[in-house]
Q: 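Take a look at the following structure, please.
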Amino acid sequence: MSVESFRDYLSLLDDIDETTRVSKPISWNLEASAVTMMADLTDANIPVFETVEDQKLANARLVGDPYRGERYRPWDRVAAALGLPTGLTGDEYYDTVMNRLRSPIPPTTIDRESAPCKEVVRTDSEINLFEFPWPYIHAGDGGRYSNLHTVITTDPDSEWVDWSYHRTMIHSPTKASVLLLAGEQTPNLYYYKYERRDEPMPIAIAIGADPAVYFSSVMWIPTGRNEANFAGALKGEPIELVECETNNLLVPASAEIVIEGTVQPGKRLDEGPFGDYFGYMHGPRRSMPALEVDAITHRKHPYIPFCVEGIGVGHTFNSSTTMEVSCVGPDATLGLQTAGFDIEKCVPWRFTPRTAYTVSTKNPRPGYLHDLANFIFTTWGMLHIDFFVFVDTDVDPLDQRAVLEAIAINADPDRDFHQFGVETMPKVPLNIYQTPEEKGNIETGTSKTKTAKAYIDATSDTSQAPSAYLDDNEVVHEARKTLESAGLSITTESSQENHQ
């Protein structure tokens with residue numbers, strides 16, 4: 001059975017000895033993120049900081065990268081949160097999550113009196129964002145951030161409620177800036193509907209909600225379909241929601257903190273720079289829509305989860321990279337299969353999220369991969385993703401060594417590297433290759449210039465394939481016998497085998 005709240009999830013990690021409860025006072029100013037970074041780099045336990053210095057709200061706590069997965073099995077903690085069996089292979093995990101997503105479960109609404117997120121209600125003069133120990137994550141960041149949460153708003157022209165995640169920089173007791181990049185669902189609602197009508201956009205930010213809530217908010221749920229239903233599907237039961245204090249939005253009842261407010265039309269505040277998911281400090285400082293806070297509700301002694309972005313670059317994970325592989329991957333796979341493409345699996349590149357994806361697929365006819373790439377880049381928008389790698393169905397996209405081997409063996413640099421849409425595709429202003437001038441500072445928050453997209457055909461051409469391939473197991477067996485005859489031995493790291 002899946003956990004009922006973020007607190008239940010932490011208790012589950014406690015029970016399996018995967019947390020380290022830090023009782024020593026720690027600072028929100030770089031110290032908490034530095035400890036989290038080291039835990040990420042070394043595959044250590046999830047750090048829970050029980051005492052945070054210099055905060056006005058007594059006993060608010062920080063949790064560093066709570067969803068970060070183990071290096072070779074990144075889906076295990078997500079699986080645990082969803083009540084899935086332990087020890088699932090990557091294929092079994094993807095199949096199970098996809099099966100759950102096929103059966104959405106609508107949420108239920110409960111009374112305010114019974115909602116844990118309403119234990120403390122602050123409005124008017126009681127509102128003070130700086131009562132909470134929002135972390136200063138990277139040296140050089142433009143400010144302190146909440147960056148592991150679910151943003152909730154609604155379409156003014158329908159009953160569609162959109163859940164998403166957009167980092168939020170704290171400016172004052174009642175104001176923050178939200179990174180809204182046009183082309184994504186929530187920003188499009190703001191820029192092309194609310195702001196054009198000169199109307200404020202109602203918003204709620206749920207921090208420390210039920211894990212299934214966050215898992216669904218990072219997925220590529222189609223426009224017009226409520227993430228709340230798919231969160232219920234992931235959990236296997238309805239998500240409990242409760243009405244906000246100052247608007248009509250419904251928010252996860254078990255959340256640790258809920259910030260209610262409006263994103264004002266025509267108003268901007270500085271946002272960034274920020275040490276982003278590429279592993280670099282990204283600038284320039286930009287103008288982003290301004291959030292004005294109308295209420296804050298929270299549990300007593302709330303937890304604030306956060307992600308040390310950029311630590312996913314290299315041989316490690318953080319919450320963001322883990323969510324890409326464990327949540328976006330199954331959802332994208334299901335989406336492509338539903339669209340009629342004969343794919344086995346779609347998996348984000350494990351250590352650089354939202355940059356490159358690998359798709360294992362059949363290649364039944366000339367032009368098939370181009371049609372698949374065209375569907376992806378035009379239907380999903382793909383502001384973040386620059387290129388896809390297409391491999392055969394017997395290549396596991398979760399095994400990056402196998403993917404690189406497929407590129408090296410099968411991808412002809414002249415014939416199989418395809419640029420798609422030369423400088424016509426939209427792009428978020430986060431890539432390191434963009435100059436400050438290209439990043440721009442326009443009102444809708446996207447790049448000033450367009451970009452090209454590309455795909456690599458690393459599928460095999462069977463007409464030109466060798467008559468036989470070496471069998472890896474046979475090679476290893478012969479090598480092992482040779483070394484053992486010389487008095488040596490080969491030891492295989494079990495965790496590396498487990499991901500296959």
Side-chain angles (χ1 to χ4, degrees), residues 75 90-105 155 158 160 162-164 183-186 188 215-234 323-349 353-398 403 406 416 418-421 424-427 452-459:
W75 53 85
D91 285 345
E92 290 169 342
Y93 170 80
Y94 265 56
D95 288 344
T96 303
V97 171
M98 290 163 56
N99 284 335
R100 288 196 176 188
L101 289 172
R102 290 186 177 96
S103 303
I105 299 176
D155 179 6
S158 70
W160 174 42
D162 183 35
W163 289 5
S164 59
E184 300 174 323
Q185 291 175 345
T186 294
N188 286 350
F215 300 161
S216 68
S217 69
V218 305
M219 289 181 170
W220 295 354
I221 305 300
T223 297
R225 305 190 71 181
N226 291 352
E227 281 82 3
N229 297 345
F230 293 93
L234 290 172
M323 294 303 98
E324 285 290 305
V325 174
S326 305
C327 300
V328 177
D331 176 52
T333 300
L334 180 59
L336 290 175
Q337 291 179 353
T338 302
F341 292 98
D342 194 3
I343 77 160
E344 185 75 21
K345 200 153 55 205
C346 175
V347 177
W349 201 254
R354 300 187 292 276
T355 56
Y357 283 25
T358 300
V359 179
S360 55
T361 179
K362 294 182 179 179
N363 189 3
R365 57 176 172 79
Y368 170 83
L369 295 183
H370 190 82
D371 290 343
L372 177 53
N374 180 63
F375 175 83
I376 294 169
F377 287 133
T378 59
T379 304
W380 286 346
M382 303 310 295
L383 288 174
H384 294 265
I385 313 304
D386 279 343
F387 67 90
F388 276 73
V389 179
F390 297 118
V391 297
D392 294 318
T393 55
D394 61 352
V395 177
D396 184 0
L398 288 166
V403 173
D416 295 325
H418 303 271
Q419 195 176 60
F420 196 92
T424 61
M425 298 286 185
K427 182 64 188 172
K453 302 292 184 179
Y455 67 92
I456 299 173
D457 177 1
T459 61

Q: Do the side-chain N and O atoms of D155 and S158 include a donor-acceptor pair separated by under 3.5 angstrom?
A: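 Distance-only check passes for D155 and S158.
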
Q: If you apply the rule salt bridge (charged side-chain N to carboxylate O under 4.0 Å, His left out), what do you find for D392 with K362, and how did you get there?
A: CA-CA 6 Å; D392 294 318; K362 294 182 179 179; over 6 Å; no

Q: Tell me, do I343 and Q337 make a side-chain contact under 4.5 Å, heavy atoms counted?
A: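 Heavy-atom side-chain distance check passes, below 4.5 Å.
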
Q: Considering all heavy atoms of both residues, which atom of S216 and which atom of L234 are nearest to each other, and what is their separation?
A: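 Looks like N-CD1, 4.1 Å.
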
Q: Short question: side chain of N99, backbone of D95 - any donor-acceptor pair under 3.5 Å?
A: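 Here the side-chain-to-backbone pair exists.
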
Q: Without swapping roles, check the side chain of N188 against the backbone of G183 for a donor-acceptor pair under 3.5 Å.
A: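 Looks like yes, one N/O pair under 3.5 Å.
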
Q: Please check if the side chain of E344 supplies one atom and the backbone of D396 the other of a donor-acceptor pair under 3.5 Å.
A: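 Absent.
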
Q: What is the minimum heavy-atom distance between Y93 and P330, and which atoms define it?
A: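 Heavy atoms of Y93 and P330 come nearest at CE2-CG, 4.1 Å.
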
Q: Hey, what do you get for CD1 (I221) to CZ (F230), rounding to the nearest 0.5 Å?
A: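 Here the interatomic distance stands at 5.0 Å.
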
Q: Verify, without hydrogens or angle tests, whether E227 (side chain) and W163 (backbone) share a donor-acceptor contact under 3.5 angstrom.
A: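 Yes, E227 side chain to W163 backbone: donor-acceptor pair under 3.5 Å.
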
Q: Write down the atom of R100, the atom of A233, and the distance for their closest heavy-atom approach.
A: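 Closest pair (atom of R100, atom of A233, distance): O-CB, 3.1 Å.
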
Q: Measure from the side-chain N and O atoms of D457 to the backbone N and O of T459, and report whether any donor-acceptor pair falls under 3.5 Å.
A: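 The answer is yes, because a donor-acceptor pair under 3.5 Å joins these two groups.
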
Q: Contact between F341 and T361 at the side-chain level, heavy atoms closer than 4.5 Å - yes or no?
A: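 Heavy-atom side-chain distance check fails, nothing below 4.5 Å.
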
Q: Is the ring centre of Y357 less than 6.0 Å from the ring centre of F388?
A: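 For Y357 and F388, the ring centres are under 6.0 Å apart.
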
Q: Just checking, is any N or O donor in the side chain of T223 or Q185 under 3.5 Å from an acceptor N or O on the other one?
A: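 Yes, side-chain donor-acceptor contact under 3.5 Å.
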
Q: Closest approach of C346 and A332, non-hydrogen atoms and distance?
A: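 Closest approach of C346 to A332: SG-CB, 3.9 Å.
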
Q: When you compare the side chain of N226 with that of W160, does any pair of heavy atoms fall below 4.5 Å?
A: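 Side chain of W160 against side chain of N226, heavy atoms only: contact under 4.5 Å found.
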
Q: Which distance, rounded to the nearest 0.5 Å, do you find between the CE of M323 and the OG of S217?
A: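 Between atom CE of M323 and atom OG of S217 there are 9.5 Å.
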
Q: Would you mind reporting whether H418 and I456 have side-chain heavy atoms less than 4.5 Å apart?
A: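 Not in contact.
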
Q: Quick one: do D162 and R225 satisfy salt bridge (charged side-chain N to carboxylate O under 4.0 Å, His left out)? Show the steps, please.
A: CA-CA 8 Å; D162 183 35; R225 305 190 71 181; over 6 Å; no

Q: Measure centre to centre between the rings of F215 and W75, then say whether the value is under 6.0 Å.
A: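 No, too far apart.
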
Q: Can you check whether V347 reaches Y94 side chain to side chain, under 4.5 Å on heavy atoms?
A: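 When only atoms from C-beta onward are counted, Y94 and V347 do touch, with a gap below 4.5 Å.
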
Q: Which heavy atom in S360 sits nearest to a heavy atom in P397, and how many Å separate them?
A: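 Smallest heavy-atom distance, with atoms named: OG-CG, 3.6 Å.
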
Q: Is D371 salt-bridged to R365, going by a charged N under 4.0 Å from an acidic O?
A: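 R365 and D371: salt-bridged.
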
Q: Report the distance from atom CG of L336 to atom CG of D342, rounding to the nearest 0.5 Å.
A: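 One finds 11.5 Å between CG of L336 and CG of D342.
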
Q: Determine whether D331 and L101 make a side-chain contact, defined as any pair of heavy atoms from C-beta on separated by less than 4.5 Å.
A: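 In contact.
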
Q: Kindly give the heavy-atom pair with the smallest separation between I385 and F377, and that separation in Å.
A: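 The pair with the smallest heavy-atom distance is O-CE2, 4.1 Å.
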
Q: Answer yes or no: is there a side-chain heavy-atom contact under 4.5 Å between N363 and L369?
A: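 SC-SC contact between N363 and L369 confirmed.
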
Q: Under 4.5 Å between any side-chain heavy atoms of V325 and L398, yes or no?
A: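 Answer yes - side chains close enough.
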
